[in-house]
Amino acid sequence: MLNISKKTFKKDYVKKFIELHGKELEEGTPQNKYETLGTLVRDYIAEMWIATNKKYNKTQEKQVYYLSAEFLLGRLLGNSLLNLGIRDICKEGLAELNINLEELENLEQDQGLGNGGLGRLAACFLDSMASLNIPGHGCGIRYKYGFFEQKIINGSQIEAPDNWLRGGNVWEIRKPDKAEIVKFGGEVKVEMIDGNMTFIHINYEPVLAVPYDTPVVGYENQVINTLRLWSAEPVSNEFDFSSFSRGDFLKAIEYKNSVEAISHVLYPDDSFYEGKLLRLKQQYFFVSAGLQSIIRHYVKHNGDLENLDEKIAIHINDTHPTLAIPELMRILIDEEGLSWDDAWRITTNSVSYTNHTILAEALEKWPVDMFKKILPRIYMIVEEINRRFCEELWSKYIGQWDKISRMAIIGDGYVKMAHLAIVGSHSVNGVAKLHTEILKKQEMQDFYYLYPRKFNNKTNGITHRRWLMKSNPKLTKLLVDTIGDSWIKHPTDMEKFENHLDDKSVLERLQQIKTENKIDLAKTIKQSSGIIVDPNSIFDVQVKRIHAYKRQTLNCLRVMNLYNKLLENPNLDIVPRTVIFGGKAAPGYFLAKKTIELINAVADKINNDPRVNEKLKVVYLENYRVSLAESIIPAADISEQISTTTKEASGTSNMKFMMNGAITIATLDGANVEIRDEVGDDNIVIFGMNEREVLDYYKNGGYSSWQVCNEDERLKRVTQDLVNGYYSPDKEKFKTIYEHLLTYNDEFFVLKDFDSYLRAQDKVDEIYRDSIRWQKMAGVNIAHSGIFSSDRTIQEYATGIWGSGFLYKNL
Ligand code: 26W
């Protein structure tokens with residue numbers, strides 16, 4: 001907690017404003033004022049930051065490095081103020097200077113360096129590590145362009161570059177003196193020097209990795225951890241173009257461009273893996289720079305590499321940073337002179353790996369030729385890891401060649417990154433119970449039998465500081481008023497709220513808060529899409545990446561069906577609904593982009609049909625991102641978590657919604673299963689096929705979407721409406737969706753689950769009419785959401801995987 005009075009803050013603020021902008025406060029633009037506040041807060045942080053680092057160096061506590069290709073932080077100002085404990089003082093101080101804090105907060109560009117769940121999880125984890133006093137730091141790429149901006153034009157997604165650094169970034173500090181060199185291409189010369197085999201990398205292309213550090217502020221505990229993001233630059237910045245001959249000049253430009261390309265843009269895919277050279281370069285770039293700087297720091301402060309694994313933990317977020325394994329081997333062997341065996345012991349003891357998806361099409365594998373050419377020394381090390389691993393397999397599984405070749409790290413011309421990650425780490429975890437079980441039983445079964453003790457579950461979580469305290473201040477206040485504030489540091493204390501759910505005044509306040517949040521969202525919707533929605537209708541929300549397995553199509557088909565029903569019977573007695581969608585499609589994912597077009601076509605027709613408008617509206621919110629999520633989620637009545645069972649590893653928006661009092665309608669997939677276990681069957685609406693049925697169909701076949709469709713008049717009608725011109729004069733427009741469902745037998749069982757989904761929606765309607773019951777359900781969901789705080793998740797990682805943060809074991 002930062003100790004600062006309102007008076008001092010005001011003085012500091014005005015002084016900083018003048019320093020930065022050379023004019024008086026009254027003349028400042030809102031942007032000037034935001035920049036001033038951000039810079040001032042960063043200054044406040046600076047001293048604590050230095051003190052934290054000093055303490056870490058002195059106590060030699062185990063340091064955790066969280067390696068991730070993505071960190072989806074969103075905005076930093078509001079949460080930094082909250083965690084510093086000075087948000088109220090700043091708010092009041094600014095108000096006295098005629099400045100509205102929230103307006104400044106809304107001027108901040110989202111830091112959108114991630115695709116979705118995996119990147120946002122990394123951001124929640126940073127917040128929790130700092131807040132739990134765990135010395136844990138992020139390591140990633142400072143993409144010049146983050147996840148693209150989505151525009152919806154004539155109902156279709158158009159991508160625009162996310163130039164997030166345009167207006168500067170007050171949070172980062174460039175550290176050129178901490179730069180590292182990363183080497184690509186070239187050859188490896190093997191020489192005997194003093195009787196030792198020595199590997200010398202020659203003719204490589206050097207890339208300068210320059211770190212930018214962002215402070216990660218712990219909640220009222222004086223801890224500031226570091227997120228270090230690397231930017232790629234040419235090794236020499238001094239291009240004296242005039243002294244180059246023409247050939248050199250062009251070469252120099254080419255070199256500069258190829259280097260800068262590495263940290264230019266985040267790949268906007270989270271569905272289909274593509275073996276792109278630049279992506280491989282990105283992965284090696286940040287992993288190599290990160291590890292070199294970690295080891296350099298370690299050697300400076302600790303010296304002895306022999307017990308490195310007791311002093312640092314390296315976590316790899318999915319397979320994207322798997323090259324950390326061979327890179328650490330390279331540093332320990334080639335640069336520090338350790339033996340293979342010592343290096344291997346240290347590496348495997350340090351590294352741990354999280355898997356985030358079982359979708360086969362998303363598994364990373366790199367063509368050997370590409371790998372070898374771009375990372376010759378690393379390839380040699382991977383080959384040696386593979387050779388030794390296969391040797392182990394041969395002696396264990398005598399004669400079982402199929403199994404051995406299935407499990408090898410290198411095979412069929414590819415390097416299989418998940419295999420390398422499992423073999424080269426001491427811990428492999430899934431992100432929800434069901435997901436971990438599926439990994440063990442199906443996807444990674446061979447490895448599970450070989451290394452049963454490596455496998456473990458760590459159910460995901462979300463930071464309640466951003467997703468409740470910051471985004472829903474009214475609900476936060478209600479909780480504090482009724483149960484006190486112990487839950488802020490011990491989120492499972494939220495359970496106490498359940499004791500107050502027989503108090504009518506509490507339920508009324510819950511409802512009032514939800515309505516006020518809905519009014520705010522209705523304004524946002526009006527501003528961004530022009531659509532007027534009724535805050536008294538049910539706000540029914542599905543926001544997430546657009547993907548076939550997440551089944552936005554199922555949601556859309558039920559809206560189309562409801563529309564048909566309302567037209568048939570205008571007096572149909574339903575609670576009015578506002579169905580809200582949001583999310584981005586990968587630019588190359590045709591079916592996902594078509595899904596967006598379909599939702600918008602359906603929305604357009606329904607919203608312009610006065611016959612149904614009192615009862616049904618459909619909204620597609622453009623450019624879904626962290627900051628938008630913060631205003632949508634507190635306003636949701638219903639959380640749509642409707643993925644095909646077995647396909648969603650965990651989901652995390654499901655947790656955010658329940659924490660804000662939405663009722664979940666869900667399949668028993670990912671963490672929905674654990675949410676159900678927490679709140680009980682009466683406080684969640686479950687539908688659809690279970691795990692066994694899905695796995696059985698995938699294994700044995702026997703599903704016919706065509707037959708399911710033919711036996712259901714409603715389905716016949718809505719699927720025909722896709723291709724008969726009902727939603728578009730161009731009958732071909734939604735043919736791909738139709739074909740996916742009927743010609744190609746509906747891979748994700750949309751039609752199969754349709755009936756059960758509709759019945760679940762009817763049930764929601766029925767429950768909502770009983771306002772007391774609904775608010776109680778909302779209350780139970782809030783009360784049981786504490787377990788899904790990422791503080792719980794991080795404590796499990798710290799004690800179960802990293803062996804760090806012992807101070808907090810007894811929290
Ligand atoms: C194209 C390569 C690729 C493939 C998969 C890039 C990124 C991915 C990620 C693993 C996708 C992802 O974000 N997975 C999500 O991770 C969340 C955090 O664990 C889970 O909650 C989601 O269920 C899971 O889909």
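Just follow the structure's listing: the first ligand is 1, and inside any ligand the first atom is 1.
- Using a 4.0 Å cut-off to heavy atoms of Ala649, the atoms of ligand 1 that qualify are 23 (O).
- With Phe371 as the partner, the ring pair (Phe, Tyr, Trp, His ring centres under 6.0 Å) test is satisfied by one option alone out of Tyr379, Tyr284, Trp366, Tyr414: Tyr379.
- Closest to atom 4 (C) of ligand 1, if we only count protein heavy atoms, is Ala362 CB, 3.6 Å.
- Looking only at side-chain heavy atoms (C-beta outward), Ile262 and Phe184 come within less than 4.5 Å of each other.
- Between Glu796 and Arg792 there is a salt bridge, with a side-chain nitrogen of the basic residue lying less than 4.0 Å from a carboxylate oxygen of the acidic one.
- The shortest N or O to N or O distance between Asp318 and ligand 1 is not under 3.5 Å.
- With hydrogens left out, the protein atom closest to atom 24 (C) of ligand 1 is His356 O, 3.5 Å, a heavy atom.
- Considering Gly117, Gly651, Gly114 only, the shortest heavy-atom separation from atom 20 (C) of ligand 1 involves Gly651.
- Note: an N/O pair closer than 3.5 Å links Glu648 and ligand 1 by distance alone.
- We find that Asp446 and Arg406 are joined by a salt bridge, their nearest charged nitrogen and carboxylate oxygen being less than 4.0 Å apart.
- The pair Lys365-Asp412 fails the salt-bridge criterion, with no side-chain N (NZ, NE, NH1 or NH2) lying under 4.0 Å from an Asp/Glu carboxylate O.
- At least one N or O atom of Tyr549, backbone or side chain, sits closer than 3.5 Å to an N or O atom of ligand 1.
- Across all their heavy atoms, His426 and Ser352 have their closest contact at CE1-CB, 4.0 Å.
- For the pair Lys440 and Phe455, the cation does not sit on the ring face, since its NZ or CZ is not both under 6.0 Å from the ring centre and inside 45° of the axis.
- The His320 neighbourhood of ligand 1 comprises atoms 6 (C), 7 (C), with distances under 4.0 Å to a heavy atom of that residue.
- Looking at atom 6 (C) of ligand 1, its nearest protein heavy atom turns out to be Asp269 O, 3.4 Å.
- Note on Lys276 versus Asp269: no salt bridge recorded, every NZ/NE/NH1/NH2 to OD/OE distance being 4.0 Å or above.
- Closest protein heavy atom to atom 1 (C) of ligand 1: Phe272 O, 3.3 Å.
- Counting heavy atoms closer than 4.0 Å to ligand 1, residue Asn115 contributes nothing at all.
- Closest protein heavy atom to atom 5 (C) of ligand 1: Asp270 O, 3.8 Å.
- Residue-to-ligand polar distances place Leu118 within reach of ligand 1: an N/O pair is separated by less than 3.5 Å.
- When the heavy-atom distances from atom 2 (C) of ligand 1 to Lys647, Arg279, Glu364 are ranked, the shortest goes to Arg279.
- Under 4.0 Å is where a charged nitrogen must lie from a carboxylate oxygen, and between Asp791 and Arg465 at least one such pair does.
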